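These numbers come from the heavy atoms of this one structure, side chains and all, not from hydrogens, waters or symmetry mates. Below, chains carry the letters A, B, ... as their sequence lines are ordered, and counting in each starts from 1. Because the structure is a prediction, the values reported are computed rather than measured.
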2 protein chains.
Amino acid sequence: MKSTKRKNMPPEERRAQLLGCAQMLFFSKGFEDTTIQDVLDMASVSKGGFYHHFKSKDELLFGVLDGMAEGVFSQMAVVASDGTSSALDLLHSFIHLRANYLREHDYPGQVEFFRVMNQDKNMVLLEQFKRRVRTGAMPVLVRIIQKGCDEGTFTVADVDTAAELILFLSTFIDLALLRAIEARGTETADHAAEKLQAAIDMQFLTLDRVLGLPDGTTNFGWPEAVDVTMATQPPLPPSSN
Amino acid sequence: MKSTKRKNMPPEERRAQLLGCAQMLFFSKGFEDTTIQDVLDMASVSKGGFYHHFKSKDELLFGVLDGMAEGVFSQMAVVASDGTSSALDLLHSFIHLRANYLREHDYPGQVEFFRVMNQDKNMVLLEQFKRRVRTGAMPVLVRIIQKGCDEGTFTVADVDTAAELILFLSTFIDLALLRAIEARGTETADHAAEKLQAAIDMQFLTLDRVLGLPDGTTNFGWPEAVDVTMATQPPLPPSSN
DNA sequence: ATTTGCAGACCGCCGGTCGGTTTGCAAGAG
DNA sequence: CTCTTGCAAACCGACCGGCGGTCTGCAAAT
């Protein structure tokens, strides 16, 4: 008799454990290439045990997605409930939720996370995640823009559409960021870094112009972002002796 | 012995036939849910026959994608080779490649095509297709913008990044368009139509501002676009007697 | 006779099902 | 307070249908 010994656990704990294993595996192997059996092995659970808690592999995916979105939304609620700051300050906070999150947690890990999420095999995962974030962020951003319009700070034709456009724009740098990350340590790194900076600048500039603000208003930087990103270690550094 | 009779065909013809069947099935059932066997049945070919022409299911997908991108690229080549028009006219032609294509072919069919492509199950298909179009369109758009900058018409900080942003922006209306299409015939149709018009206007306005043009410059409309789209028949009209 | 196009049995694997087994726990009997 | 007893929740793992892909062989074309 090997480790055939079973180990009952309260449902929530099991669920959490399975979700944790699934998340790791989804990131490392991609959703499609991750087998239920992979999850079972990592969690030391049987098929029956798994299907007692999840009714399908897709439900597992949605569970992981929910867990990821939770962190984002909890921070957004803080911004949404702020009634005293100006619209521009709120926008500042809103835009920097992501950057702040990255800075406060270990950034290299986040870079790797971003890199893995943007692989082809994780396209479904990433796109679904983006959709959830957009859906959750819309009402918050709409309120901010509406407030800015009421204050006379912003000028847009349609608040909803503007919010949607800004959220749409918010992933523009991802392409350049991904290329920069993949170019780390190669001879094209400098060029990619320049283009990344250009993409960031252009994204902020476009944000200014969409909201009818003077150029440069929303360039609430984190100037060292590009350098920090490029300094992150690639998966396989040359020092393998 | 049923229709076990075999039917040899020249390789290109078979390939085209299989690609045609695959395209239809991919659109109707989605890529993941389409079985090789489905394609075999529709084309009346055996597994061996199929794998004689394609080495995997993915290669079949890429084949379909190539076929779809071909039409787009052939039109873009025309714009790219135009050396006489002004940058603004070139941009006009470039932006309207899609709209012109839609108008010249049967529009209702294109609407249905768009609707199907934007279903969740076709996410991989759509995203890969968008990527191909972006890749093919980049050099053309870069040339146009560069020309505009040389002429002094456009003002951008970085030509490549501006081109990328504009291509990125070009799919912004898709969300509103999809919602409008799905709202046809329902009580929310009017609202969706308004939002679609707002999205179109905002996309053009943003294009102006990204390129440093006066507001309204690039609003080379097709003013009846929204009405025509909304007038398209939904899949199941009420007159089924 | 040789090459090319094709047929269809076959393989390994995956997501999902199902009947049965184990475990924790609460209620009643002593 | 302890010891059955009962039962639902948690879990196991053999099993199934169907998938993408391989392989051997044969028939048509040249």
Counting only N and O atoms by type, is there a donor-acceptor contact under 3.5 Å from the side chain of Asp38(B) to the main-chain atoms of Thr35(B)?
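Indeed, once roles are kept as given, a pair shorter than 3.5 Å links the two residues.
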Can you tell me how far [atom2] of [N] sits from [atom1] of [X], to the nearest Å?
{"X": "Gln17(B)", "N": "dG5(C)", "atom1": "CD", "atom2": "C1'", "result": "13 Å"}
{"X": "Leu60(B)", "N": "dC19(D)", "atom1": "CG", "atom2": "C1'", "result": "15 Å"}
{"X": "Asp41(A)", "N": "dC12(D)", "atom1": "CG", "atom2": "C1'", "result": "14 Å"}
{"X": "Ile36(A)", "N": "dC12(D)", "atom1": "CD1", "atom2": "C1'", "result": "16 Å"}
{"X": "Met9(B)", "N": "dA7(C)", "atom1": "CE", "atom2": "P", "result": "11 Å"}
{"X": "Gln37(B)", "N": "dA7(C)", "atom1": "CD", "atom2": "P", "result": "11 Å"}
{"X": "Leu18(A)", "N": "dC12(D)", "atom1": "CG", "atom2": "C1'", "result": "14 Å"}
{"X": "Phe50(B)", "N": "dG20(D)", "atom1": "CZ", "atom2": "P", "result": "9 Å"}

Tell me whether the OP1 or OP2 atom of dC6(C) has a side-chain N or O from Arg14(B) closer than 4.0 Å.
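For dC6(C), OP1/OP2 do have a side-chain N/O of Arg14(B) under 4.0 Å.
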dA10(D) phosphate, OP1 or OP2: any side-chain N/O from His52(A) under 4.0 angstrom?
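Answer yes for this pair, as a side-chain N or O of His52(A) is under 4.0 Å from OP1 or OP2.
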Could you list all the side chain to side chain donor-acceptor pair (under 3.5 Å) pairs where at least one residue sits in residues 164-183 of chain B, not counting sequence neighbours?
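As it turns out, the side chain to side chain donor-acceptor pair (under 3.5 Å) pairs with a partner in residues 164-183 of chain B, which skip direct neighbours, are Glu164(A)-Arg179(B), Arg179(A)-Glu164(B), Arg98(B)-Asp174(B).
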Is the count of non-hydrogen atoms from other residues, nucleotides or ligands lying under 6.0 Å from Arg132(B) atom CZ greater than 12?
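Yes.
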So for atom CD, which belongs to Glu59(A), do other residues, nucleotides or ligands contribute more than 12 heavy atoms lying within a distance under 6.0 Å?
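Yes, CD of Glu59(A) has more than 12 neighbouring heavy atoms, counting only those of other groups under 6.0 Å.
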Which one, dG16(C), dG21(D), dC6(C), comes nearest to the side chain of Ser56(A)?
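Within the option list, the nearest is dG16(C).
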As a test of reading the structure: which of dC12(D), dA10(D), dC6(C) is closest to the side chain of Ser46(A), going by heavy atoms?
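Closest nucleotide among those given: dC12(D).
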Do the non-hydrogen side-chain atoms of Lys195(B) and Asp158(A) ever get within less than 4.5 Å of each other?
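The answer is yes, as the side chains (C-beta and beyond) meet within the 4.5 Å cut-off.
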Restricting to nitrogen or oxygen on both sides, can you table the protein-nucleotides 17-19 of chain C pairs closer than 3.5 Å?
none

For residues 120-127 of chain B, which side-chain donor-acceptor pairs fall under 3.5 Å, sequence neighbours excluded?
| from | atom 1 | to | atom 2 | distance (Å) |
| --- | --- | --- | --- | --- |
| Asp120(B) | OD1 | Arg131(A) | NH1 | 3.1 |
| Asp120(B) | OD1 | Arg131(A) | NH2 | 3.0 |
| Lys121(B) | NZ | Ser28(B) | O | 3.1 |
| Asn122(B) | ND2 | Val116(B) | O | 2.9 |

Lys57(B) charged N/C atom sitting above Phe31(B) aromatic ring, 6.0 Å / 45°:
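Geometry flag: set, cation within 6.0 Å and 45°.
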